[in-house]
Amino acid sequence: MSSAASAAKRDRFPLAALIILATIGFTAITTELLPSGLLPQISAGLNVSEPVAGYLTAGYAAIIVVTVIPAARLLARAPRHVLLVALILTFAASNALVGIVSDFGAAMAARMVGGIAHGLLWSTMAPYVSRIVPAHKVGKGLAIVFSGNSLGLAIGAPVGTALGGFLGWRASFLVLAGSGILLALLALWLLPAVRWNPDTPRPSLRMAVAQPGVKTVAIAWPLLLLAHFALFTYIAPFIREAGLPDYGITLSLTVLGVAGLVGVWIAGITVDSRPRRSLLITTAAVAVAMLLLPLLGVTIPGAMVLMAVWGGGIGAIGIYNQAAILRAGRDYRDAANGLTVLTIQIGITIGAVYGAAALVTAGPLLVPVAAAVPVIAALVMILTGRAHAYAPGPKESRRFRSGGPGTGGESGGSGESEESAERAEPTARPSTAAGPEERATRS
């Protein structure tokens, strides 16, 4: 094969594979959230109370926290495309079992299996994307894949809930199981293999944490999601306390979902060229929107505009942080990504508790203000993490890369020279793509 042909093959953008991965993500999010919308039907069908039926969601999340890192380490050497297909089939089996069993214990066990697959999926997905996409298009690839998350939040669970209302809750899970089998067949056909080099260092959480910047991203990103879920979980009490009509609840959830998709699209355009500036602006915008909600969110237009900023920002923030953890993790990006899956789940769980505390102590109108606090904390971490965690991109100005006068860095210094900023720049590009140890090949 000529060198030109080889270069063209390396630069090929695997759009079909990325769409399959986005659909897998959509299925995973829908699987996770589906019981929440069908609790009355599930509790009646399994002869348990609604709070007990809620454990099908809570247990699913808890098992992710417990198993994601050891499971990822155990399967570290498994071929990535084969592992992804196996995980899809595991989702299908889990959903099929939930749809046919008559005992709550069996349903809970099936959900636990699905939760283990869920954690493994998200610890595998982003590093796999970075290995099959050309280095200068990794951000675009991540944006396509993670649009499945936003779609799952916006329409996946609602559609499944509606289907459960028409055909019964078991039908929703069985439809998910059937679509999972079809998706596995398409994935087996379309997902490229990744050649593993035996000289590659074994994934190590200890080494991943030791990489400069990993700890910063693994804390800042969950803080942002903690804030999001603190407010998102209690959006209905806020809407009612603000004096808005009941349809504002449904409208706000729709606006958040659609805006999230727009945010993912914008991030896909900017993450490869201006990741640092874009993340700073986006995070600041989310903080301002939350702080203004109690003042300007008392009318439908004001509330919807601010929620659009909030939703779009959260959608974009996921892409910027996903790219950041892959860069910071370097050769240990798989383990670093697994760490963020764990910390994000913890952040989401704490977010609901934090929101409840704010609701009780400050009242519904001030829940957005409480949610803005961890966003501001994350913004400070992003500002000071320019050297390694949130390095500037190739199209950001020299002055911006150097952080400007008087700003601190991760090392705690009062400034950073242009020379050291230039040294940091390469980490914002090639290290997110396939490292020297791996290359994508067509199976």
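This chain uses plain numbering: 1 for the first residue, then up along the sequence.
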S.K.: Given F229, which partner from the list I348, T349, V353, I350 fulfils the side chain to side chain contact (heavy atoms under 4.5 Å, CB included) test?
M.R.: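 It is I348, the one option of I348, T349, V353, I350 that forms the side chain to side chain contact (heavy atoms under 4.5 Å, CB included) with F229.
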S.K.: Hey, does F238 have a side-chain heavy atom less than 4.5 Å from the side chain of V367?
M.R.: no
S.K.: Given L224 and V286, is the side chain to side chain contact (heavy atoms under 4.5 Å, CB included) satisfied, shown in steps?
M.R.: CA-CA 9 Å; L224 292 165; V286 171; 5.9 Å; no
S.K.: Within the structure provided, determine whether Q322 and L326 are in side-chain contact (heavy-atom separation under 4.5 Å).
M.R.: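 Yes - at least one pair of side-chain heavy atoms lies under 4.5 Å apart.
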S.K.: Using the rule given for side chain to side chain contact (heavy atoms under 4.5 Å, CB included), can you reason through V68 versus Q345, listing the C-alpha separation, both sets of side-chain angles and the distance that settles it, and then say yes or no?
M.R.: CA-CA 10 Å; V68 59; Q345 287 295 325; over 6 Å; no
S.K.: Under the criterion side chain to side chain contact (heavy atoms under 4.5 Å, CB included), which of L15, L18, V145 is the partner of V133?
M.R.: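 Going through the options one by one, the only one that passes is L18.
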S.K.: So how far is it from Y128 OH to L21 CG, rounded to the nearest 0.5 Å?
M.R.: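 Here the rounded value is 6.5 Å.
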S.K.: Backbone N or O of I382 within a donor-acceptor pair of the R276 side chain at under 3.5 Å?
M.R.: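 Checking the backbone N and O of I382 against the side chain of R276, a donor-acceptor pair under 3.5 Å is found.
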S.K.: Closer than 3.5 angstrom, by distance alone: can the side chain of T27 be matched with the main-chain N or O of T23 as a donor-acceptor pair?
M.R.: yes
S.K.: I need the T57 OG1 to E32 CD distance, nearest 0.5 Å.
M.R.: 8.0 Å
S.K.: Nearest 0.5 Å please: distance from the CD1 atom of I346 over to the CD1 atom of I64.
M.R.: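 It is 11.5 Å, given to the nearest 0.5 Å.
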S.K.: Of all the heavy-atom pairs spanning I144 and I19, show the shortest one and how long it is.
M.R.: CG2-N, 4.4 Å
S.K.: Between the main-chain N or O of P127 and the side-chain N or O of S130, is there a donor-acceptor pair closer than 3.5 Å?
M.R.: yes
S.K.: Quick one: does S252's side chain get under 4.5 Å of M304's, heavy atoms only?
M.R.: yes
S.K.: Would you say I317 and T283 make side-chain contact, with heavy atoms under 4.5 Å?
M.R.: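 Side-chain contact under 4.5 Å: yes.
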S.K.: Quick one: closest heavy-atom pair of G297 and A303, and the distance?
M.R.: O-CB, 3.6 Å
S.K.: Apply the test side chain to side chain contact (heavy atoms under 4.5 Å, CB included) to residues Y60 and L56: give CA-CA distance (whole Å), side-chain angles for both, the deciding distance (0.1 Å), then the verdict.
M.R.: CA-CA 6 Å; Y60 189 99; L56 292 176; over 6 Å; no
S.K.: If we ignore hydrogens and angles and just use 3.5 Å, is the side chain of Y234 paired with the main-chain N or O of A352 as donor and acceptor?
M.R.: yes
S.K.: Backbone N or O of I325 within a donor-acceptor pair of the N337 side chain at under 3.5 Å?
M.R.: no
S.K.: If only atom types and distance count, is the side chain of K137 paired as donor or acceptor with the main-chain N or O of F13 below 3.5 Å?
M.R.: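 Absent.
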S.K.: Starting from the C-alpha separation in whole Å, work towards a yes-or-no answer on side chain to side chain contact (heavy atoms under 4.5 Å, CB included) for L280 and L383.
M.R.: CA-CA 7 Å; L280 286 169; L383 278 167; 3.6 Å; yes
S.K.: Just wondering, do I63 and H118 contact through their side chains at under 4.5 Å, heavy atoms?
M.R.: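 No; the side chains remain at least 4.5 Å from each other.
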S.K.: Got W122 and I29 here, is their nearest side-chain heavy-atom distance under 4.5 Å?
M.R.: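 A side-chain contact under 4.5 Å exists here.
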S.K.: How many angstroms lie between CH2 in W221 and CG in L339, if you round to the nearest 0.5 Å?
M.R.: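 Taking CH2 in W221 and CG in L339, the distance rounds to 11.0 Å.
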S.K.: Would you indicate whether the side-chain heavy atoms of P35 and Y55 approach each other to under 4.5 Å?
M.R.: no
S.K.: Could you tell me which non-hydrogen atom of A227 sits nearest to which non-hydrogen atom of P374, and how far apart they are?
M.R.: CB-CG, 3.7 Å
S.K.: Determine the minimum heavy-atom distance between L190 and A17, stating which atoms define it.
M.R.: O-CB, 3.7 Å
S.K.: With heavy-atom distances below 4.5 Å as the criterion, would you say the side chains of L223 and M381 are in contact?
M.R.: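 Side-chain contact under 4.5 Å: yes.
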S.K.: Working to the nearest 0.5 angstrom, can you tell me the gap between Y354 OH and L231 CG?
M.R.: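 Answer for the OH-CG pair, Y354 versus L231, is 11.0 Å.
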S.K.: Compare every heavy atom of A324 with every heavy atom of V217, then report the nearest pair and how far apart it is.
M.R.: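 It is CG2-CB, 4.1 Å.
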S.K.: How far does CD1 of I300 sit from CD1 of I239, to the nearest 0.5 angstrom?
M.R.: 6.5 Å
S.K.: If you take all heavy atoms of V375 and A287, which pair is closest and at what distance?
M.R.: CG1-CB, 3.7 Å
S.K.: For T270 and Y320, what are the C-alpha separation, side-chain angles and deciding distance, and is it a side-chain hydrogen bond (donor to acceptor under 3.5 Å, both in side chains)?
M.R.: CA-CA 9 Å; T270 57; Y320 296 130; 2.6 Å; yes
